[in-house]
Amino acid sequence: EIERVVDIPCQAQGVPPPVLYWYKDATLITRLTAPRYKVLSNGSLQINGLVPDDTGMFQCFARNDAGEVQTFTYLAVTSIPPNITKGPTDSTVIDGLSVILSCETSGAPRPAITWQRGEKVLASGSVQFP
């Protein structure tokens, strides 16, 4: 799902110990070209804040003086349509007093919330009016 963190495992053993290289769609992954991608100490590739462009073929190559071995996996990053899971309830308030209207949503990426009165946009996100 979009905006999540995913770890793609890759472990290899050998003498001498192999060095791991990660590729996405046949392109070597580096911190300069893909700052959200990080190779962990256990060899796994960690991707932070998934986006649809992260969809693709990931390959892990293990190399040492004795040779090379590789494995691969396909990652599909999906979008989930926005949904209001808990909408605001009708409220009556005395003029000059405060009222709290809440709205809970789900979806990927996380849906933006906009508050409107008629055609007029009052606010976006979580806000408090005096």
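The closest side-chain heavy-atom distance from Trp115 to Pro88 is below 4.5 Å. Side-chain contact between Ser106 and Thr85: present, with at least one pair of heavy atoms (C-beta onward) separated by less than 4.5 Å.
Residue Ile113 is grouped with residue Val99 when hydrophobic side chains (ILVMFWY) are merged at heavy-atom distances under 4.5 angstrom, including chains of intermediate members. The cluster map of Ile, Leu, Val, Met, Phe, Trp and Tyr, joined by side-chain heavy atoms under 4.5 Å apart, puts Ile29 and Val39 in the same cluster. By the criterion of side-chain heavy atoms lying less than 4.5 angstrom apart, applied directly or through intervening Ile, Leu, Val, Met, Phe, Trp or Tyr residues, Val19 is not grouped with Trp22; the two fall into different hydrophobic clusters. Side-chain heavy atoms closer than 4.5 Å link hydrophobic residues (I, L, V, M, F, W, Y) into clusters, and following such links, even through other members, never connects Phe61 to Phe72. When hydrophobic clusters are built by joining Ile, Leu, Val, Met, Phe, Trp and Tyr residues whose side-chain heavy atoms come closer than 4.5 Å, directly or via intermediates, Ile8 is not grouped with Tyr23.
Under a 3.5 Å cut-off, the side chain of Arg36 and the backbone N or O of Asn48 do form a donor-acceptor pair. Using modelled atom types, no side-chain atom of Thr71 and backbone atom of Cys60 make a donor-acceptor pair closer than 3.5 Å.
Across every non-hydrogen atom of Thr33 and Leu28, the tightest pair is OG1-O, 4.0 Å. The two atoms that bring Ala12 and Leu20 nearest to each other are CB-CD2, 4.1 Å, heavy atoms only.
Applying the disulfide (SG to SG under 2.5 Å) definition to pairs two or more places apart or across chains, none involves residues 77-113.
Around the CG atom of Leu40, the shell of radius 6.0 Å holds more than 12 heavy atoms that belong to other residues, nucleotides or ligands. Heavy atoms from other residues, nucleotides or ligands lying under 6.0 Å from CD of Gln46 number more than 12. Open room surrounds CD1 on Ile94; 12 or fewer heavy atoms of other groups in view lie less than 6.0 Å from it. Crowding of Asp65 atom CG: a count of heavy atoms from other residues, nucleotides or ligands under 6.0 Å not exceeding 12. Atom CD1 of Ile100 is surrounded by 12 or fewer heavy atoms from other residues, nucleotides or ligands within 6.0 Å. Under a cut-off of 6.0 angstrom, the local environment of CZ in Arg31 is crowded, with over 12 non-hydrogen atoms contributed by other residues, nucleotides or ligands.
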How far apart are the C-alpha atoms of Leu45 and Cys10, what are their side-chain angles, what is the distance that settles it, and do they pass the side-chain contact (heavy atoms from CB on, under 4.5 Å) test?
-> CA-CA 8 Å; Leu45 178 67; Cys10 182; over 6 Å; no

Trace of the side-chain contact (heavy atoms from CB on, under 4.5 Å) decision for Ile47 with Leu75 = CA-CA 11 Å; Ile47 306 173; Leu75 177 67; 4.0 Å; yes

Could you walk me through whether Tyr37 and Lys24 pass the side-chain contact (heavy atoms from CB on, under 4.5 Å) test, one step at a time?
-> CA-CA 11 Å; Tyr37 294 18; Lys24 178 185 181 280; 3.6 Å; yes

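Put simply, OG1 on Thr73 and CE on Met57 are 7.5 Å apart, with the number rounded to the nearest 0.5 Å. Residue Asn64 holds its CG atom at 12.0 Å from CD of Gln13, rounded to the nearest 0.5 Å.
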